[in-house]
Amino acid sequence: MTIVRLSGVYASPRVFPLLLLGFASGLPLALTSGTLQAWATLDGVSLQNIGFLTLVGTAYTLKFLWAPLVDRYAPPWLGRRRGWVFLTQILLALSVAAMGTLSPSAHLGLLAALAVLVAFLSATQDIAFDAYSTDVLRHEERAAGAAVKVLGYRLAMIVSGGLALVIADRWLGWHNTYYLMGAFMALCSVATVLAPEPEVAAKTPASLVMAVVEPLSEFFSRRGAWSILVLIVLYKLGDAFAGALSTTFLLRGAGFSATEVGSINKIFGLAATIAGALAGGSIMARLGLYRSLMLFGVLQAISNFGYWVLAVTPAHLYSMALVVAIENLCGGLGTAAFVALLMALCRRDFSATQFALLSALSAIGRTYLAGPLTPVLVESVGWPGFFALTVVIALPGLLLLYVRRPEIMQLDRSE
């Protein structure tokens with residue numbers, strides 16, 4: 001009965017479209033991070049410059065600044081949330097394709113500027129999409145919806161990450177690969193047109209001032225609000241450090257080829273992503289939010305040891321496949337629970353601004369800590385020491401999660 005009930009939830013007209021919209025949400029990130037990192041690595045860009053390329057993701061951290069505009073205003077088509085999603089998807093398709101006209105070695109500054117634009121548009125798409133998914137899902141669909149969002153997002157990461165490396169290395173080259181990714185984004189806009197509107201329309205703020213003030217005042221009036229914000233920063237910090245230069249490590253540190261890295265990510269990463277996302281929804285439905293966050297947080301921390309194994313053993317495809325599979329599985333579980341936490345923390349009337357604030361905080365570790373500090377740590381302690389350190393970096397988030405468990409457990413009982 002449980003399996004039938006879960007399969008019915010996944011097929012819900014409110015849940016299933018989140019798979020395709022999640023794919024559109026995840027597609028640009030790798031194109032301005034891991035895939036761009038691989039392109040720059042193979043094009044001879046220095047390690048330090050590659051590390052600072054992660055700063056192009058600043059928009060993901062600052063998106064709460066313009067989220068009230070998305071709450072207050074909307075394009076005159078497809079509803080309050082989907083109108084923004086559709087607009088940003090079209091602009092993203094054009095901007096990603098424009099990146100394909102440049103190369104890192106010859107136009108690094110201009111390419112970085114275009115990547116910043118892509119990140120800005122992608123962050124705006126995320127604002128609208130996260131608000132839409134928060135508004136459209138019923139309470140009992142939240143775990144499944146979070147899992148499907150993560151599945152779509154991580155499938156896009158495989159396509160624009162691992163698969164893009166294979167396509168660029170063996171078939172199309174880097175420029176045409178970016179053109180292809182732009183075309184994929186354009187196709188995703190069709191799913192936005194077909195997705196349903198929320199059953200209950202959220203109230204539009206009466207003014208821009210209210211769109212800024214009310215979401216913040218409501219959130220910070222809650223008990224333990226500040227510690228919850230710290231938890232959001234810390235929960236996936238170890239994962240962020242481990243993944244910051246993972247592509248460069250596999251290519252330069254472990255000595256695998258771009259085709260090998262892309263192929264393993266495509267095959268084993270894809271399988272683990274599907275398993276992790278679907279299992280995450282099922283486990284959360286059984287364990288509840290707090291116990292799922294704790295279990296998945298421990299697993300995603302332990303999975304970082306896999307990279308340590310790769311760093312101290314001879315390069316072998318089998319070992320890389322196992323590490324990539326475990327990382328995608330555990331990372332998918334952790335992200336599914338984390339997304340469910342963010343949705344549970346949002347009030348429907350302020351979902352765009354509150355979700356943007358919370359998810360922007362979660363990007364602080366990846367953008368401002370992991371990106372700039374990872375090259376320094378790798379050069380200081382080497383790849384093996386660095387990956388062992390990422391496990392330690394994950395521990396404060398788990399400790400704070402345990403301390404704030406009453407507030408987290410209350411979220412499951414509040415609706």
Side-chain angles (χ1 to χ4, degrees), residues 142-143 146-147 149-151 153-154 157 224 227-244 246 268-269 271-312 319 322-345 358-359 361-366 369-370 374 377 384-412:
R142 187 182 291 157
K149 284 182 64 176
V150 172
L151 174 57
Y153 194 93
R154 292 182 74 87
M157 292 291 289
S227 61
I228 293 296
L229 296 183
V230 176
L231 171 63
I232 288 168
V233 174
L234 295 180
Y235 182 72
K236 291 187 73 68
L237 188 60
D239 214 33
F241 269 86
S246 59
F268 291 92
T273 294
I274 294 173
L278 297 180
S282 177
I283 294 171
M284 277 190 286
R286 293 168 178 265
L287 296 185
L289 185 57
Y290 167 73
R291 288 191 292 174
S292 298
L293 283 165
M294 181 60 73
L295 173 62
F296 300 162
V298 170
L299 290 176
Q300 71 182 6
I302 294 174
S303 70
N304 292 348
F305 270 123
Y307 287 110
W308 177 85
V309 173
L310 289 181
V312 299
S319 58
L322 181 61
V323 168
V324 167
I326 292 174
E327 191 279 331
N328 276 273
L329 177 65
C330 297
L333 290 170
T335 302
F338 187 68
V339 170
L341 170 64
L342 299 189
M343 286 195 290
L345 288 169
L358 299 177
S359 59
L361 284 171
S362 72
I364 287 178
R366 181 180 69 246
L369 299 176
T374 293
L377 291 174
F386 166 72
F387 285 120
L389 184 61
T390 63
V391 180
V392 178
I393 293 173
L395 297 181
L398 296 176
L399 178 61
L400 184 56
L401 174 64
Y402 177 77
V403 171
R404 306 315 308 182
R405 67 190 183 280
E407 288 84 358
I408 305 300
M409 295 176 72
Q410 179 62 31
L411 293 174
D412 268 336

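All residue numbers refer to positions in the sequence shown, counting from 1. Values below: all heavy atoms of this structure, side chains included; hydrogens, waters and symmetry mates excluded. Here the structure is a predicted model, which means the values were calculated and not measured.
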Q) Taking atom CD1 of Ile326 and atom CG of Leu329, what is their separation to the nearest 0.5 Å? A) 8.0 Å

Q) Measuring from Met284:CE to Leu295:CG, what's the distance to the nearest 0.5 Å? A) 11.0 Å

Q) What distance do Glu327 atom CD and Asp239 atom CG have between them, rounded to the nearest 0.5 Å? A) 6.0 Å

(Q) Show, in sequence, the C-alpha distance, side-chain angles and deciding distance for Ile232 and Leu342, and conclude whether the side-chain contact (heavy atoms from CB on, under 4.5 Å) test is met. (A) CA-CA 9 Å; Ile232 288 168; Leu342 299 189; 3.9 Å; yes

Q: Work out which heavy atom in Asn304 is nearest to a heavy atom in Gly238; give both atom names and the distance.
A: ND2-O, 3.4 Å

Q.
Test of understanding: with side-chain hydrogen bond (donor to acceptor under 3.5 Å, both in side chains), list the residues that count as partners of Ser319, not counting sequence neighbours.
A. none

Q.
With side-chain contact (heavy atoms from CB on, under 4.5 Å) as the criterion, how do Ile283 and Phe296 come out once you've worked through the C-alpha distance, each side chain's angles and the decisive distance to 0.1 Å?
A. CA-CA 10 Å; Ile283 294 171; Phe296 300 162; 3.6 Å; yes

Q) How far does CG of Leu234 sit from OG of Ser227, to the nearest 0.5 angstrom? A) 11.0 Å

Q. Ignoring hydrogens and geometry, is there a side-chain-to-backbone donor-acceptor pair from Arg405 to Tyr402 under 3.5 Å?
A. yes

Q) Are the side chains of Val309 and Leu322 in touch, meaning some heavy atoms are under 4.5 Å apart? A) no

Q. Roughly how far, to the nearest 0.5 Å, is the CG atom of Leu358 from the CZ atom of Phe338?
A. 8.0 Å

**Q.** Closest approach of Phe387 to Trp308 (non-hydrogen atoms, all atoms of both residues)
**A.** CB-N, 3.8 Å

Q | Spacing of CG belonging to Leu401 relative to CD belonging to Glu407, to within rounding of 0.5 Å | A | 11.0 Å

Q | Nearest heavy atoms of Leu289 and Ala344, plus distance in Å | A | CD2-CB, 4.3 Å

**Q.** Considering all heavy atoms, the nearest Ala336-Ala147 contact
**A.** CB-CA, 4.2 Å

Q. Between Val324 and Asn328, which heavy-atom pair has the shortest distance, and what is it?
A. O-ND2, 2.8 Å

(Q) Please give me the minimum heavy-atom distance between Gly334 and Tyr235, naming the atom from each residue. (A) O-CE2, 3.9 Å

